[in-house]
Amino acid sequence: MKNIVTIIAIVFSLLMTSCVQKTYKKTVVFSLDVSEIKNVKKVGIRGNDKPLSWDYDTEMKEIKKDSLYQITITGETGYKFTEVKFVVNDTFEFQNEDNRRVLFSEKDTTFYNAKFNNR
């Protein structure tokens, strides 16, 4: 009886360790064109994977006055994509629509260029 319990415990532990999904360190450079928006005061991004969150904006840096913002995000994920939305002046893009899906490059860094509220 003790041998059966030991064998079951070993099989169970092997099954549990094989279920762990491998994670990868991914870097994404997000660039956002806001040139068609007047009076831009604040630009941010929200998303699925840490360090992003759906609860608050992660501020993007102005690269070109009144037109281009950028941020570089690095995080661990087991997925081949992430989902995000941009926020300008506290207004979400694509309200009541699907999020942007960003497919990760096979290389170290993914470059994602977008225009606010434009697919």
Side-chain angles (χ1 to χ4, degrees):
M1 181 72 171
K2 189 175 181 182
N3 288 340
I4 292 174
V5 172
T6 303
I7 291 171
I8 291 173
I10 290 170
V11 169
F12 180 75
S13 64
L14 287 173
L15 288 174
M16 291 304 293
T17 57
S18 67
C19 294
V20 176
Q21 185 172 358
K22 187 174 180 178
T23 62
Y24 304 94
K25 185 176 181 180
K26 294 293 183 181
T27 298
V28 182
V29 178
F30 292 97
S31 298
L32 181 65
D33 178 343
V34 295
S35 60
E36 294 182 8
I37 301 171
K38 304 275 191 234
N39 301 319
V40 174
K41 292 178 176 47
K42 182 177 156 188
V43 176
I45 185 171
R46 295 189 186 193
N48 277 349
D49 298 305
K50 292 183 181 193
L52 298 178
S53 171
W54 290 113
D55 296 327
Y56 56 85
D57 295 350
T58 299
E59 187 176 348
M60 296 180 74
K61 181 180 176 185
E62 186 177 53
I63 301 300
K64 186 175 178 187
K65 184 148 178 65
D66 297 327
S67 64
L68 186 64
Y69 285 77
Q70 194 172 73
I71 190 169
T72 301
I73 302 290
T74 301
E76 294 279 329
T77 183
Y79 296 100
K80 295 186 182 225
F81 67 91
T82 190
E83 291 189 0
V84 299
K85 279 194 179 181
F86 295 103
V87 182
V88 174
N89 297 338
D90 298 318
T91 300
F92 269 90
E93 66 176 351
F94 306 127
Q95 292 189 13
N96 302 315
E97 293 182 39
D98 291 340
N99 303 324
R100 290 180 185 266
R101 182 172 274 200
V102 179
L103 300 175
F104 297 127
S105 169
E106 294 296 322
K107 299 180 181 179
D108 292 339
T109 303
T110 301
F111 294 90
Y112 187 80
N113 299 311
K115 191 169 194 170
F116 187 76
N117 224 20
N118 189 329
R119 294 208 193 260

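- Taking both residues in full, the closest heavy atoms of Y56 and P51 are given as OH-O, 3.6 Å, listed atom of the first, atom of the second, then distance.
- For R100 and F94, the positive end is not near the middle of the six-membered ring at less than 6.0 Å and at most 45° from its axis.
- Side-chain contact of N48 with T82: a donor-acceptor pair under 3.5 Å is absent, judged by distance alone.
- Minimum heavy-atom separation, E62 to K65: OE2-CA, 3.4 Å.
- For the pair F92 and R46, the minimum side-chain heavy-atom distance is below 4.5 Å.
- Within the 4.5 Å cutoff, the side chain of Y69 has heavy atoms near those of the V34 side chain.
- A 6.0 Å sphere centred on CD of E59 holds no more than 12 heavy atoms belonging to other residues, nucleotides or ligands.
- Hydrophobic clustering (ILVMFWY, side-chain heavy atoms < 4.5 Å, transitive): V40 and F30 are in one cluster.
- For the pair T110 (side chain) and S105 (backbone), a donor-acceptor distance under 3.5 Å is present.
- Nearest heavy atoms, I37 versus F116: CD1-CD2, 3.4 Å.
- Annotation: the span from S67 atom OG to K115 atom NZ amounts to 10.5 Å, rounded to 0.5 Å.
- Side-chain contact between T23 and T77 is absent, with no heavy-atom pair separated by less than 4.5 Å.
- Atoms OG1 and NZ, from T74 and K50 in turn, are 16.0 Å apart once rounded to the nearest 0.5 Å.
- Atoms NZ and CD, on K80 and E106 in that order, are 6.0 Å from each other to the nearest 0.5 Å.
- With hydrogens and angles left out, the side-chain atoms of N99 and E83 include a donor and acceptor closer than 3.5 Å.
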Test side-chain contact (heavy atoms from CB on, under 4.5 Å) on R119 and D98; report intermediate values, then the result.
CA-CA 11 Å; R119 294 208 193 260; D98 291 340; 4.3 Å; yes
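- One side chain, S35 or D33, offers a donor N or O that lies under 3.5 Å from an acceptor on the other.
- Exactly one residue among T58, D57, V28 makes a side chain to side chain contact (heavy atoms under 4.5 Å, CB included) with L52. That residue is T58.
- Atoms CD1 and CD1, from I45 and I73 in turn, are 6.5 Å apart once rounded to the nearest 0.5 Å.
- No more than 12 heavy atoms of other residues, nucleotides or ligands sit less than 6.0 Å from atom CG of N39.
- Considering CZ of F86 and CD of E93, their distance stands at 6.0 Å, rounded to 0.5 Å.
- The shortest side-chain heavy-atom distance between Y112 and V29 does not fall under the 4.5 Å cut-off.
- Between M60 and L32, the closest side-chain pair of non-hydrogen atoms falls below 4.5 Å.
- Put simply, the side chain of S31 reaches to within 4.5 Å of the side chain of L68, judged on heavy atoms.
- Electrostatic pairing of E76 and K25 does not count as a salt bridge here, judged by no charged N lying under 4.0 Å from a carboxylate O.
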